[in-house]
Number of protein chains: 4
Amino acid sequence: MKARRSSTVVRKLPRQARAQATVGAILEATVQILDREGLEAATMSHIAEVAGVSVGSIYQYFSHRDAILNALQDREFERSLRLMQELLADGNLTQSARETVTAVVRGLAELYRSCPGLHRVLAIEGLRVAKADRVHAFDLRIIEIVRHFLVATSAPMRPKSVDAAAFVVVQSVRATMLACLLERPSGLDEETLIQEVVDLVLRYLVRQESPENAREAARDAEGAMPRLVK
Amino acid sequence: MKARRSSTVVRKLPRQARAQATVGAILEATVQILDREGLEAATMSHIAEVAGVSVGSIYQYFSHRDAILNALQDREFERSLRLMQELLADGNLTQSARETVTAVVRGLAELYRSCPGLHRVLAIEGLRVAKADRVHAFDLRIIEIVRHFLVATSAPMRPKSVDAAAFVVVQSVRATMLACLLERPSGLDEETLIQEVVDLVLRYLVRQESPENAREAARDAEGAMPRLVK
Amino acid sequence: MKARRSSTVVRKLPRQARAQATVGAILEATVQILDREGLEAATMSHIAEVAGVSVGSIYQYFSHRDAILNALQDREFERSLRLMQELLADGNLTQSARETVTAVVRGLAELYRSCPGLHRVLAIEGLRVAKADRVHAFDLRIIEIVRHFLVATSAPMRPKSVDAAAFVVVQSVRATMLACLLERPSGLDEETLIQEVVDLVLRYLVRQESPENAREAARDAEGAMPRLVK
Amino acid sequence: MKARRSSTVVRKLPRQARAQATVGAILEATVQILDREGLEAATMSHIAEVAGVSVGSIYQYFSHRDAILNALQDREFERSLRLMQELLADGNLTQSARETVTAVVRGLAELYRSCPGLHRVLAIEGLRVAKADRVHAFDLRIIEIVRHFLVATSAPMRPKSVDAAAFVVVQSVRATMLACLLERPSGLDEETLIQEVVDLVLRYLVRQESPENAREAARDAEGAMPRLVK
DNA sequence: GATGAATGAGCGTTCATTCAT
DNA sequence: GATGAATGAACGCTCATTCAT
């Protein structure tokens, strides 16, 4: 009776131009709704209305409602992964650890800032049991990228367990930056928090040289990062 | 007279007691359902069934469904706050920072571990727009406690902005410990992660003395924490 | 997610008077709709409307739409079975075969005539693959009753295979009488067809004595059935 | 000229031929779907898919979905009619009644057996109110053929009302043979049931000569049909 | 003609909430 | 107060039909 629901996100590959436009309209409408009105406003009728298509058209491309959310989740997942892959690529190892970490944190912050409500919803979805596997798989990929960087960098790594370190860092950065955007803590601007998160990560990961004070003072004075690697 | 007055009293007291018991049953039923079956299983009928009361009775004590979830959220909020208030109270300032932070992280981990499914749901609820203010208020209280500790402790604090530090620390610890329970990252046991989170926090917050290496080696060798404060 | 759909027809046993009335109204409304408007008119909204209740109320007593149809099917199944059990009971063996068969055929005809449209729909339902087992089980019970009679009667049975005979007779009588009501074949009144069906069955089942002609002439003249059994 | 005329012709003929092929593909696809998956699987999209055409093309040849089912019904109707017309034609009157009836029953059984699922669906369709007239018309034609045979045959007919007899016989044979295929009654093979149905019909229709036993014994012994006609 | 993307009325079903008993 | 039957708006989803390409 009921057609099996594969985990496949897209029901039919849109081959015509109009079809492509429709799929795009559906995804954009959903992003807008999620970002502005939240998860429960994203009913099929509302999505259809905002997208300017009929409900039936949505089902031409997405087998069920969750498939739309999955598609968006995948899209953001890929964005995050691409960002980190680029910034943590082996070719960037000549940069200082601080430069690299700052770039990653800032990049994620920008990603979230572009549509905070969407990322709020995606965070919610990530907490639902039904989506656990998807999120877990994503986390593994992210952690693997971080792990690879931690192993490859010439900065002196402090933690004994690279796995644990990657896990802790990924969760901490994500949660803090997202909360920063969603809660807008009074008195704290985003830039300050980015710097704090970068500090959090660097101090946790990198074996500090002594004399510590001198180096930090230097940074503060110059506004530039001393190379942690030679 | 006496008898009547007595009967009046007991007739009144049991009513209140019964009301308390009913409210308790409703909350416990909801906790069980949320923890075991998730948010969508927590329908009014199901809660009533598990609590052993009628749906109508629930509305006697909770004006609408969300009020139950709010009550549970408040209860867990209070538990967290009480935990932190106790561990970060001024009376505990003589303990080492590592001891204190370890106690807090471990305490939160225990709180989450007692019913991870519930905290998963509460995290979800906390991300909903409608609950933003409630969560924000809670975060402010938590941060205030942390902030107070950071100011009061004799450990040499490194961050310039106590507000930012409290925010970063709270978000990081919460997210990492919850993710630890919900994702069960393979190869990482809870105790290891607790230690890593403690390291994350301490290294971020406390100005490290030199020579750093010696001190860390000492900790690893003794299995005990050297006092960071004098 | 989806609650398992047991084959149970009734979701909750109605214990209050109002509940009983509601269940009755739902069933009667469905019978009316099926009888007058056919299967596809029996939507949940329409049933609710005709029954004078809300859709939600239907789901209080029937887990899904098909459960209503199953309940009606069971009700008619039981009626047929009761009818045949009574007429073919061992206590009636002293009656002539013709008397017995006539009573059964006439009884079924009356059953169908009381709401032909309903039996039309039930016949449809009986042909749907999903209901095959239900109908098969019913047919087995009916055939068993007929079979028992064929073995017990003192009329001289002709067919070698009692099983086959029971099957053939049951299917033939049912189909002919139902078609009689639904097609209203011009020029044929119900009574004539009943007599023809009775003849069909008797001549098929009972070993005719010779001289045949004499006996048939006698029947025609007298309008009464000579005992086929001694 | 020649070529052009020829091309004109073939351009026209292929078009018609293609149309024929398309209609054929649609009908065959529908037959397959109905036979294997049932009525509800026969959606326009599914038919189009199996037929290898587009939904739009179906509407070129069939004004609406039901028209396809009607066409199939007509096709099967015609097959049944042709079968019976051939077997009951005046030219066959020299055969014994048993031979003729056996041929008809066996022919119908074969018709049904070639695609039982399709005939199940057609039986369902035949019971729908909207199709009543179509089925009635078909039944009238069938009955007319039977009636003509009953009048023309030299076998001694027993029933007084040829109309009633034709009706009874047609309904009984159809229902029993179809139920035989759809229910697969345990312990009864098709051949046995065919013989029983033939007996049912013959004993009902034909005035039996005495002594009955002798003749039946003879049939059983010889495995051949004694001529009922002279 | 042929295509298949688009349509949208209508379906079965759920569940927070109300209120007569 | 307690009950639980009744409510009905709203949901996700289907599919016969249309029509721009």
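Throughout, a chain's letter reflects where its sequence line sits, starting with A, and its residues are numbered from 1.
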DNA chain E: 5'-proximal contact among A:Gly56 and D:Ser54 (nearest heavy atom): D:Ser54

Shortest side-chain distance from D:Arg65, nucleotide among E:dT3, E:dA6, F:dT17: F:dT17

Of D:Gly52 and B:Val55, the one whose closest DNA chain E nucleotide lies more 5': D:Gly52

Whole-Å gap separating C1' (E:dG8) and CD1 (A:Ile47): 17 Å

Below 4.0 Å: OP1/OP2 of F:dT14 and any side-chain N or O of A:Tyr59: no

Donor-acceptor contact below 3.5 Å, side chain C:Arg65 vs main chain C:Met44: no

Distance in angstrom units between D:Gln60 CD and E:dG4 P, rounded: 14 Å

Nearest to side-chain heavy atoms of B:Tyr61, which nucleotide of F:dC13, F:dT3, F:dA2: F:dA2

Under-4.0 Å salt bridge between D:Arg120 and D:Asp35: no

Sugar-phosphate, base or nothing in reach of A:Thr43, heavy atoms under 4.0 Å: sugar-phosphate

Nearest-angstrom distance from the residue atom NE2 of A:His46 to P of F:dG12: 12 Å

Dot-bracket line, read 5' to 3' along DNA chain F, where crossing pairs take [ ] and | marks a partner on another strand, Watson-Crick or G-U under 3.5 Å: .||||||||||||||||||||

Closest contact, heavy atoms only, C:Ile26 versus C:Ile68: CG2-CD1, 4.2 Å

Touch class at under 4.0 angstrom, heavy-atom based, for D:Met44 against every strand present: base

Options E:dA2, E:dA16, E:dA6, nucleotide nearest the side-chain atoms of A:Thr22: E:dA6

Sidechain-backbone polar pair: D:Thr22 side chain, D:Arg18 backbone, donor-acceptor under 3.5 Å: yes

Contact list for DNA chain F against residues 30-42 of chain C - heavy-atom distance below 4.0 Å: none

